[in-house]
Protein chains: 2
Amino acid sequence: MVTLAEVAQHAGVSASTVSYVLSGKRSISMGTRQRVEQSIQELGYHPNAGARALASNRSNIIALMVPLRTDMYVPVMMEIAIAVATTARTHGYDVLLLTGEEGPDAVRRVTGSGLADAMILMDVELDDERLPLLRGTDQPSVLIGLPADTSGLTCVDLDFGATGALCVEHLAMLGHRDIAVIGEAPAVYERHTGFAERTLDGLRSRSRELGLRLLHRPCEGGYDAMAVTLARVFDERPDTTGFVVQNESAVEPLLGLLRQQGRAVPEDVSVVAVCPDQVATQASVRLTSVAIPAQEMGRNAVELLVAKLDGRGTDEVVLIAPELTTRASTGPAPAKS
Amino acid sequence: MVTLAEVAQHAGVSASTVSYVLSGKRSISMGTRQRVEQSIQELGYHPNAGARALASNRSNIIALMVPLRTDMYVPVMMEIAIAVATTARTHGYDVLLLTGEEGPDAVRRVTGSGLADAMILMDVELDDERLPLLRGTDQPSVLIGLPADTSGLTCVDLDFGATGALCVEHLAMLGHRDIAVIGEAPAVYERHTGFAERTLDGLRSRSRELGLRLLHRPCEGGYDAMAVTLARVFDERPDTTGFVVQNESAVEPLLGLLRQQGRAVPEDVSVVAVCPDQVATQASVRLTSVAIPAQEMGRNAVELLVAKLDGRGTDEVVLIAPELTTRASTGPAPAKS
DNA sequence: CGACGGAGTCGAAGCGCTTCGACAAAGTAT
DNA sequence: ATACTTTGTCGAAGCGCTTCGACTCCGTCG
């Protein structure tokens, strides 16, 4: 392994000079800089991460805590993770992958050991048990998702409230009066993951404002669960013509079942989904949808974190404005029969 | 931050003793050990990762390189990543998430800087440009996937050859003679990702042995692409009664289109998929499938790596035997019309 | 009964880097 | 010309840990 000292010797300067060339923290003359850079090239020098971390008290690592369960929005999680990793690299950081398994202990371990300089937490619950720890440490962190109390925290998320409102508005504009919401699995609500509830709030309050009738039904993914849910919806509200779906794995079942029942999309029934664009465009009907901007969330989280690490930036909640893309699954409400 | 020295002082022993308590590399008397552990508890001590890495030349970090693209088997990748992370933790390792973006440079950077003790590479191509680097370093590594030349490398993968054979056998046993393979997107083949080709080899050679007629068509995911592909298949081989699908995002389109064409599954047409169980059970017809054992692959990779790091274990190729689960999408071939 | 070996502990020497203060050389203001 | 700042470089002191050799007790063996 090549060390700083060897590079210094090779370039005929002192070790500290090489260090300053690398960090740019003091001015270095052109000639020296070039000689050092040349030596680094020739010797194939890479600074030792451990030594650097020890001396500078900075690991240049960002910890990313992903949820352990893989029952929900997996592609979104993955896309966020990848966006985080690539964005972090552009700022000179690497990413440590932590699973939710260890829970709060992982936070303690990482902050305590100086393994990472900062953390990003995904899938934050409304009243997450890791939050007190984050508030109690001076290590910067960013949450992807919104807990109940955001004081002293930095958060990034899609504005799910506005997302719900947007879906309702779109359907209302097309003349739909009876709207059914196919929600996430009951477990998601029980777990108090904020986004599901916030969407629902948005849907409800905007429906009220617009005088629409809204029926919300949680739903596990898959055909069987969807069949039951759908039957109950039409049973309770036979005039339902608009659907809002917020469960990736319910999308295709819903479309299939509607087709099977002879309800044409979008002629008889309109469907708006909240899902990644990929799902929307690959479904059997190209779906009008509000995209989940995974990349943007990941990128934003890192930018905020880096700002904090650089002493810039403060606690703030960044809500990404939802965008609804009209595709083939929504149309004017059918004339009242 | 609490340091070793403070713990030592608090416990009334020397720093080295504390270190030995932590590592267990020398025997320590019961009394001392307990006193030290007590102090560690009380002070909330966490060893500093950087210092440890510097002194011991071990970071206790495993690097995981995931592919950058998210166009393929994303849930599988995620599941592997999570399995890697959790398994690594049980062995005292953390996981560094690298994206394929940097390519070979990432390998150089990580091995050069001592950031990680070992690497796991996912989505290895047949003639991957990172392989020479791996062979040239003494840092242990494990590949998930199989390159063309495995000499000097340790690899874990599903036995895709046997997987192909298994699919064909299953269909043959049910009396199907004309089989169509809906493959991955053409890009996947062009990229020379081994698994697609190996599956195809398995399918072909077993078909030949069993005297079946096999038609292979690559296919992008989605309904439109699938519609074109399917039309061509039945055009070319009208007697096709068996399908093998190896593209998650083609599964649902295929089922939808078959239904639309009035071909019942499994009465008229049987479908075998190679996909994660979750996809198989959530499809509109519960699919007979060969599972992609993501968890097992991730876990295996880590176990092999840890073995290498401990000086046990050697280069070897671990092929996981495929298992076919019969569900509702396959049945006896219809009587010849 | 003296030599010997194991168990348990300590001190000190690094690991490779960053960073601070010092200092020489050169430029700038008086 | 003097005093002062700026620029570029160096030496040395750590950062917190691991690990090696040394040392002290004991119990044991010949």
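Throughout, a chain's letter reflects where its sequence line sits, starting with A, and its residues are numbered from 1.
For the pair B:Arg52 and D:dG16, the criterion of a side-chain N or O lying under 4.0 Å from OP1 or OP2 is not met. Between A:Ser27 and D:dG8, a side-chain N or O to OP1/OP2 separation shorter than 4.0 Å is present. OP1 and OP2 of C:dT18 both lie 4.0 Å or more from every side-chain N or O belonging to A:Lys25. For D:dG11, the OP1/OP2 oxygens have no side-chain nitrogen or oxygen of A:Ser14 closer than 4.0 Å. Distances shorter than 4.0 Å separate none of the side-chain N or O atoms of A:Ser16 from OP1 or OP2 on C:dT19. Between B:Ser19 and D:dT18 there is a side-chain N or O to OP1 or OP2 distance below 4.0 Å. Using a 4.0 Å cut-off, no side-chain N or O of A:Ser56 falls inside it from OP1 or OP2 of C:dT19. Residue A:Thr32 has a polar side-chain atom (N or O) positioned under 4.0 Å from OP1 or OP2 of D:dT9.
Distance, A:Leu4 CG to D:dG11 C1': 14 Å, rounded to whole Å. Nucleotide C:dC15 holds its P atom 20 Å from the CG atom of B:Leu115, rounded to whole Å. Rounded to whole Å, atom P of C:dA22 lies 11 Å from atom CZ of A:Arg26. Rounding to whole angstrom units, CZ of residue A:Arg35 and C1' of D:dC10 are separated by 14 Å. Taking atom CG on B:Asn48 and atom C1' on C:dC17, their separation rounds to 13 Å, with Å as the unit. Taking atom CG of residue A:Leu22 and atom P of nucleotide D:dG8, one finds them 18 Å apart after rounding to whole Å. Atom CG in B:Leu54 sits about 12 Å away from atom P in D:dG16, given to the nearest Å. In this structure, B:Asn57 places its CG atom 13 Å from C1' of C:dG14, rounding to the nearest Å.
One donor-acceptor pair, N or O on each side, does fall under 3.5 Å between the base of C:dC20 and the side chain of A:Tyr20.
Both B:Ile28 and B:Ala51 sit near DNA chain C, but only B:Ile28 has its closest nucleotide nearer the 5' end.
In this structure the side chain of B:Leu97 reaches within 4.5 angstrom of the side chain of B:Val66, judged on heavy atoms. The shortest distance between side-chain heavy atoms of A:Leu96 and B:Ile61 falls below 4.5 Å.
A salt bridge between A:Glu102 and B:Arg89 is present, with a side-chain N of the basic residue lying under 4.0 Å from a carboxylate O of the acidic one. Salt-bridge annotation for A:Asp159 and A:Arg198: absent, with no side-chain N of the basic residue lying under 4.0 Å from a carboxylate O of the acidic one.
B:Gln38 and B:His10 form no side-chain donor-acceptor contact under 3.5 Å, judged by distance and modelled atom types alone.
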